[in-house]
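Written below as C-alpha cells is the structure these notes are about.
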2 protein chains.
Amino acid sequence: MQLFMKPAYLTHLSTAEAAIRATGERLTQPRVAVLACLLASERATSHLDVAGMLVDHHAVDRVTVYRVLEWLVNQGISHRIAGDDRVWRFMINPQQTSAKSAAHGHHAHFTCETCGQTFCLNKTIPKVDVKLPKGFRPFEIDLLVRGCCAACS
Amino acid sequence: MQLFMKPAYLTHLSTAEAAIRATGERLTQPRVAVLACLLASERATSHLDVAGMLVDHHAVDRVTVYRVLEWLVNQGISHRIAGDDRVWRFMINPQQTSAKSAAHGHHAHFTCETCGQTFCLNKTIPKVDVKLPKGFRPFEIDLLVRGCCAACS
DNA sequence: GTCTCCATGCTACTCAGTTGCAACTGCCAC
DNA sequence: GTGGCAGTTGCAACTGAGTAGCATGGAGAC
Ligand SMILES: [Mn+2]
Ligand SMILES: [Mn+2]
Ligand SMILES: [Zn+2]
Ligand SMILES: [Zn+2]
C-alpha cells in the first residue's frame, strides 16, 4: 500500500516519447519527461511547475527544463504565453495534425483573476477586425479573456 | 546657443501638475515629472525609459519611478501592459473625462515585431464574442495586434 | 564497440522588480 | 509662519525568472 499517488504525467510518457521520435531529433529522458508533464496539464504550466512535477521520479535540472521547454516551442509542439507575473507558461499545441511549420491555429486564452490559472480556448478566434492607423500592418492577433474560471465561480 | 534640445516632457509639467492635484493626493516632484514623461510619450514607456528621460533635469531614484508608475495606475491615470521581454510598460489612459473608477475603456494594443514598440489603438474594441466553457465568466478582453508599425514598414 | 556531436548539469551571472528602513517633505492645524 | 505628522523618497539589500559558459555525459551513426 503506497502512501502517495503516482504523478499523473507518468501515464503520458509513451505518448511523449512517440511525439519526440516523430521530430527526428534526439530522444532524451528530460525531453520525454517534460513533454509528458505538458500532456498531463489542462492549463498553462510554468518551468517551476514542471520541475516540481518531475522532482520525485525524473528530477531534471532547472536550466534543462528551461531549455527543453524552449525546444518544444521551436519544434512546434507547444506554445508559450506571458503572464501578468512575468512568468512564461507553456501548453501543448491543440491540433498537431498539420505540419509543425503551420503553427498552431490562433486560439484565445482565458486567465482566471481569482486562481491565476490560464487555459487555452480551443475554438478558433472569431475574425476580429481592428482599425489600424495608416501604415500599420497586422500579422496576428492575441486575445486574452480575463475572468473567473469554473472552479472559482 | 545650447548644445542639447530640451527634453519634450518639460512642456507637459503643468498639465501633469494639474492632473495630480485633481486626485487630491500629495503633489510631489517625482509624480509630476514621471507623469509629464508619460504625457509626452506616444508609445508604451518602461520605467527605465522614464528614468532615462528624467536623469538630466529631474533625476529620480529608480525605485521611486517604479512606485510612482504603480501609483499612477492605481489612480486610474495610466495603465500598464506586459511585454514579451518581461518588462512592464506604461501609458496614459485615453479618455480621463469619466471618473477614475470607470477604468479606461477597453482598447486594443499594437506591438511592432520589428522595433518592439507598443501603441494603444484608441478605437474601442469591436465587440468580440468568444465561446467559453461552462462555468467560465468573462470580465474583460485584452486584445493585442502583432505586426509592423508605420515607421518600420 | 567506438566516435562524434548534441544535450545536460552545474555555477555564476543578468536584470526587472520588491522590501525594509531611515531621512525627508507636503500639507494641515494652529 | 511654525510645528507636527503621515505619506513619500532614496538607498541598499534582496528576490526570482531567465541566461551564459563550460565541463561532462549519453544518443545515435557507423
Ligand atoms: Mn494556448
Ligand atoms: Mn493602452
Ligand atoms: Zn480560477
Ligand atoms: Zn516598428
Side-chain angles (χ1 to χ4, degrees), chain A residues 13 16-37 44-55 57-75 77-90 116 118, chain B residues 13 16-37 44-55 57-75 77-90 116 118:
Chain A
L13 288 173
E17 186 176 322
I20 288 167
R21 253 186 234 287
T23 64
E25 300 283 306
R26 282 198 190 168
L27 182 75
T28 67
Q29 272 275 59
R31 285 178 181 174
V32 174
V34 170
L35 178 50
C37 288
T45 307
S46 70
H47 98 275
L48 202 63
D49 295 331
V50 171
M53 292 169 83
L54 294 179
V55 73
H57 296 72
H58 294 84
V60 172
D61 183 75
R62 70 187 200 91
V63 177
T64 302
V65 174
Y66 279 115
R67 291 196 274 227
V68 170
L69 286 169
E70 190 184 1
W71 180 86
L72 289 169
V73 172
N74 291 337
Q75 295 299 315
I77 293 173
S78 70
H79 62 286
R80 114 177 69 194
I81 54 194
D84 285 345
D85 55 1
R86 314 192 324 127
V87 172
W88 290 109
R89 291 188 171 74
F90 297 80
T118 297
Chain B
L13 288 173
E17 186 177 321
I20 288 167
R21 254 186 233 289
T23 64
E25 301 284 305
R26 282 201 190 167
L27 181 75
T28 68
Q29 272 276 54
R31 285 178 180 173
V32 175
V34 170
L35 178 51
C37 287
T45 306
S46 70
H47 98 275
L48 202 63
D49 294 331
V50 171
M53 292 168 82
L54 295 179
V55 73
H57 297 71
H58 294 86
V60 171
D61 184 76
R62 67 187 203 91
V63 177
T64 302
V65 174
Y66 280 114
R67 291 196 273 225
V68 170
L69 287 169
E70 190 184 1
W71 179 84
L72 289 169
V73 171
N74 291 338
Q75 295 299 316
I77 293 174
S78 70
H79 62 286
R80 113 176 72 195
I81 53 194
D84 285 346
D85 55 2
R86 315 194 320 128
V87 172
W88 289 110
R89 290 188 172 74
F90 297 80
T118 297

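Only a predicted model underlies this, so the values are computations on that prediction, with no experimental measurement involved. Order of the sequence lines fixes the chain letters, A, B, ..., with proteins taken first and strands second; residue numbering starts at 1 for each chain.
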Measure [atom1]/[X] against [atom2]/[N] and give the value in whole Å, please.
{"X": "B:Leu27", "N": "C:dC28", "atom1": "CG", "atom2": "P", "answer": "11 Å"}
{"X": "B:Arg31", "N": "C:dC24", "atom1": "CZ", "atom2": "C1'", "answer": "14 Å"}
{"X": "B:Arg21", "N": "C:dC27", "atom1": "CZ", "atom2": "P", "answer": "7 Å"}
{"X": "A:Asp61", "N": "C:dT11", "atom1": "CG", "atom2": "P", "answer": "9 Å"}
{"X": "A:Tyr66", "N": "C:dT14", "atom1": "OH", "atom2": "C1'", "answer": "13 Å"}
{"X": "A:Trp88", "N": "C:dA16", "atom1": "CH2", "atom2": "P", "answer": "15 Å"}
{"X": "A:Asn74", "N": "C:dC6", "atom1": "CG", "atom2": "P", "answer": "16 Å"}
{"X": "B:Leu48", "N": "C:dG17", "atom1": "CG", "atom2": "C1'", "answer": "12 Å"}

Fill in: Phosphate contact (C:dC6 OP1 or OP2) by A:Thr28 side-chain N/O below 4.0 Å
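Looking at the OP1 and OP2 atoms of C:dC6, neither is under 4.0 Å from any side-chain N or O of A:Thr28.
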Worksheet entry | Any donor-acceptor N/O pair, B:Asn74 side chain to B:Trp71 backbone, under 3.5 Å | no
Practice prompt. Show your working on side chain to side chain contact (heavy atoms under 4.5 Å, CB included) between A:Cys37 and A:Leu54 and close with a plain yes or no.
Written response: CA-CA 8 Å; A:Cys37 288; A:Leu54 294 179; 3.4 Å; yes
Practice prompt. Look at all strands and tell whether A:Val63 reaches a base, only sugar-phosphate, or nothing, counting heavy atoms closer than 4.0 Å.
Written response: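 The residue A:Val63 makes base contact.
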Worksheet entry | Terminal helix-axis angle for the helix from C:dG1-D:dC30 to C:dC30-D:dG1, with five pairs defining each axis and rounding to 10 degrees |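 The end axes of the helix from C:dG1-D:dC30 to C:dC30-D:dG1 are about 40° apart, to the nearest 10°.
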Worksheet entry | Residues in salt bridge (charged side-chain N to carboxylate O under 4.0 Å, His left out) contact with B:Arg31, at least two apart in sequence or another chain |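 For B:Arg31 there are no salt bridge (charged side-chain N to carboxylate O under 4.0 Å, His left out) partners, ignoring immediate neighbours.
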Item to complete: From the options A:Val32, A:Val34, A:Leu13, select the one residue that forms a side-chain contact (heavy atoms from CB on, under 4.5 Å) with A:His58.
Response: A:Leu13
Practice prompt. Kindly check if the number of other-residue, nucleotide or ligand heavy atoms within 6.0 Å of CD (B:Glu25) is above 12?
Written response: yes
Worksheet entry | Chi angles and distances behind the side chain to side chain contact (heavy atoms under 4.5 Å, CB included) call for A:Val68, A:Thr28 | CA-CA 10 Å; A:Val68 170; A:Thr28 67; 5.7 Å; no
Worksheet entry | Interatomic spacing from CD1 in A:Ile77 to CG in A:Leu35 - rounded to 0.5 Å |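 One finds 6.0 Å between CD1 of A:Ile77 and CG of A:Leu35.
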Response to the item:
In this structure, OG1 of A:Thr118 is separated from CZ of A:Arg89 (nearest 0.5 Å) by 6.0 Å
Practice prompt. Using chain B heavy atoms and a threshold of under 4.0 Å, write down where along DNA chain D the contacts begin and end, 5' to 3'.
Written response: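 Here the contact window of chain B covers D:dA6 to D:dG18.
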Discussion item. Quick one, B:Tyr66 and B:Asp61 - any side-chain contact, counting heavy atoms below 4.5 Å?
Written reply: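 Not in contact.
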Fill in: First of B:Arg62 and A:Gln29 reached from the 5' end of DNA chain C, by closest nucleotide
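That would be A:Gln29.
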Worksheet item: Any donor-acceptor pair under 3.5 Å between the side chain of A:Arg26 and the base of C:dC6?
Response: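 For A:Arg26, whose side chain was compared with the base of C:dC6, there is a donor-acceptor pair (under 3.5 Å).
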Worksheet, complete the sentence: Judged by nearest nucleotide, the residue sitting upstream toward the 5' end of DNA chain D, A:Glu25 or A:Asp85, is A:Asp85
